[in-house]
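Ligands are counted one by one from 1 in listed order, and the atoms in each one are counted from 1 as well. Quick caveat, the model's predicted, so the values are computed rather than measured.
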Amino acid sequence: MISKKMSGVINGQINAELYSSYLYLGMSTWFSEKSLSGFAGWMRAQAQEEMFHSMKMLDYLLERGGSVELEAIAKPVRHWSTPLEVIEETAAHEAKVTGLINDLVDVALEERDHAANIFLQWFVAEQVEEESSVGDVVEKMKMIGNDSAGMFAMDMEMGKRVFTPPEG
Ligand code: FEO
């Protein structure tokens, strides 16, 4: 049976992943309003991925006999003025999530919960991939700057992303 502390922090992460999904959904609508449908699609896939993460946490908690308590999801604030700002916030947010996942691993180690530690390693690896892919988008957008032809091409490229639930 999972400890109360471990259960509590995973429960908190369910909410954090749901918030991430909500934040990215808000970003997706922002891009839609700016007629950047490729970016909007990329962000929607990002939102779906975060929903998948929250369900993965939730299912794990149920499997371990922990208690799931769904909390209110905070309202994401839309305050961006450029596409680069949105993507930079995404990168900063992912760095924050990496910190949260690392905190969960710390609790698993403190609690000597080896099963939770193994489960959380999937998220540790996922964060490396997430930070890398969004970092790549930030760099490309900085190169493009105010070049509208570049933005048009980037929008086309971003629109190719489709969310497919990862294995495991
Ligand atoms: Fe659930 Fe983008 O990390």
**OP:** Using distance alone, with no hydrogens and no angle criterion, decide if H53 and S20 have a side-chain donor and acceptor under 3.5 Å apart.
**Re:** no

Show me the side-chain donor-acceptor pairs of residues 73-80 shorter than 3.5 Å, one per line, residues at least two apart or across chains.
| unit_1 | atom_1 | unit_2 | atom_2 | d |
| --- | --- | --- | --- | --- |
| R78 | NH1 | G26 | O | 3.4 |
| R78 | NH1 | T29 | OG1 | 2.7 |
| R78 | NH2 | E33 | OE1 | 2.7 |
| R78 | NH2 | E33 | OE2 | 3.3 |
| H79 | NE2 | E89 | OE1 | 2.9 |
| W80 | NE1 | E89 | OE1 | 2.6 |

Original post:
Could K56 and E49 be called an ion pair, given the rule that one side-chain N must be under 4.0 Å from one carboxylate O?
Top reply: no

Donor-acceptor pairs under 3.5 Å, side chain of residues 136-144 to any protein atom, not counting sequence neighbours: which ones?
| unit_1 | atom_1 | unit_2 | atom_2 | d |
| --- | --- | --- | --- | --- |
| D136 | OD2 | K140 | NZ | 3.2 |

Original post:
Hey, which protein N/O/S atoms does atom 2 (Fe) of ligand 1 have under 2.8 Å?
Top reply: E50 OE2, E94 OE1, E94 OE2, E130 OE1

Original post:
Under the ring pair (Phe, Tyr, Trp, His ring centres under 6.0 Å) test, which residues partner F119, sequence neighbours left out?
Top reply: Y60, F123

**OP:** Verify whether one side chain among E131 and Q127 offers a donor that lies under 3.5 Å from an acceptor in the other.
**Re:** no

